[in-house]
Amino acid sequence: MILFGRKDKLLATREIPEELCESCGERGGIVSIFQIYYHVVKIPFFPLARRAASQCYSCRKVKVKKDFSNQQRMVSKLLKKETKTPLWTMIGSGLILIYLVLNYLIKLI
């Protein structure tokens with residue numbers, strides 16, 4: 001049983017129909033933004049980063065941001081601006097904060 005770890009969650013995807021794949025030479029692909037966060041017993045504790053990835057429709061080759069073309073880089077910047085870090089990725093941190101505040105208030109009384 002895994003008690004803690006790192007997980008990725010898909011936030012947004014945008015299609016790029018005219019993008020030319022370097023591997024197979026076919027046109028078409030997508031750019032996706034993923035939220036990476038740590039979890040403990042499947043409860044998300046805190047977000048780490050938002051990462052971008054691209055995939056070709058034909059050969060299914062995946063590229064990371066350092067290998068992006070100019071068009072993919074521009075689309076990934078727009079997607080990152082449109083998407084925000086979800087609040088649910090901070091549930092665990094919020095629960096611990098509430099516990100600490102309540103514990104402190106109880107000791108004052």
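No hydrogens, no waters, no symmetry mates; every other heavy atom, side chains included, goes into these values.
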**Item:** Nearest-0.5 Å distance that lies between atom NE2 in H39 and atom CG in L3
**Value:** 10.0 Å
**Complete:** Which of Q72, R14, E19 passes side-chain hydrogen bond (donor to acceptor under 3.5 Å, both in side chains) with S54? Answer is Q72
**Asked** If every non-hydrogen atom of K65 is compared with every non-hydrogen atom of R73, which pair is closest and at what distance?
**Response** O-NH2, 3.6 Å
**Message:** Less than 4.5 Å apart, side chain to side chain, heavy atoms only: is that true for I36 and R6?
**Reply:** yes
**Prompt:** So which heavy atom on S58 is nearest to which on E26, and how close?
**Reply:** OG-CB, 3.2 Å
**Request:** With the side chain counted from C-beta on, respond yes when C59 and C21 share a heavy-atom pair under 4.5 Å apart, and no when they do not.
**Result:** yes
**Fill in**
In terms of heavy-atom contacts, Y37 and P47 come closest through CB-CA, 3.9 Å
**Prompt:** Are Y57 and V64 co-members of a hydrophobic cluster defined by side-chain heavy atoms under 4.5 Å apart?
**Reply:** no
**Request:** Working to the nearest 0.5 Å, report the span between OG of S32 and CG of L11.
**Result:** 10.0 Å
**Asked** Is a side-chain donor or acceptor of R50 paired with a backbone partner of K80 at a separation under 3.5 angstrom?
**Response** yes
Show me the donor-acceptor pairs, under 3.5 Å and distance only, between side chains in residues 87-109 and residues at least two apart or in other chains.
residue: T89; atom: OG1; partner: P86; partner atom: O; Å: 2.7
residue: S93; atom: OG; partner: F45; partner atom: O; Å: 2.4

**Asked** About how many Å separate OG of S76 and CD1 of I16, when rounded to the nearest 0.5 Å?
**Response** 8.5 Å
**Fill in**
When every non-hydrogen atom of L79 is compared with those of V31, the smallest separation belongs to CD1-O, 3.6 Å
**Request:** Check whether more than 12 heavy atoms from other residues, nucleotides or ligands sit under 6.0 Å from atom CD of E15, and answer yes or no.
**Result:** yes
**Asked** Are I30 and M74 connected, step by step, through hydrophobic side chains (Ile, Leu, Val, Met, Phe, Trp, Tyr) whose heavy atoms are closer than 4.5 Å?
**Response** no
**Request:** Kindly check if the number of other-residue, nucleotide or ligand heavy atoms within 6.0 Å of CZ (F68) is above 12?
**Result:** yes
**Asked** If you look at every heavy atom in A49 and Q35, which pair is closest and at what distance?
**Response** O-NE2, 3.3 Å
**Prompt:** Taking all atoms of both residues into account, what is the closest heavy-atom pair of K63 and S69, and its distance?
**Reply:** NZ-N, 4.3 Å
**Asked** Is the closest side-chain donor-acceptor distance between K61 and Q55 under 3.5 Å?
**Response** no
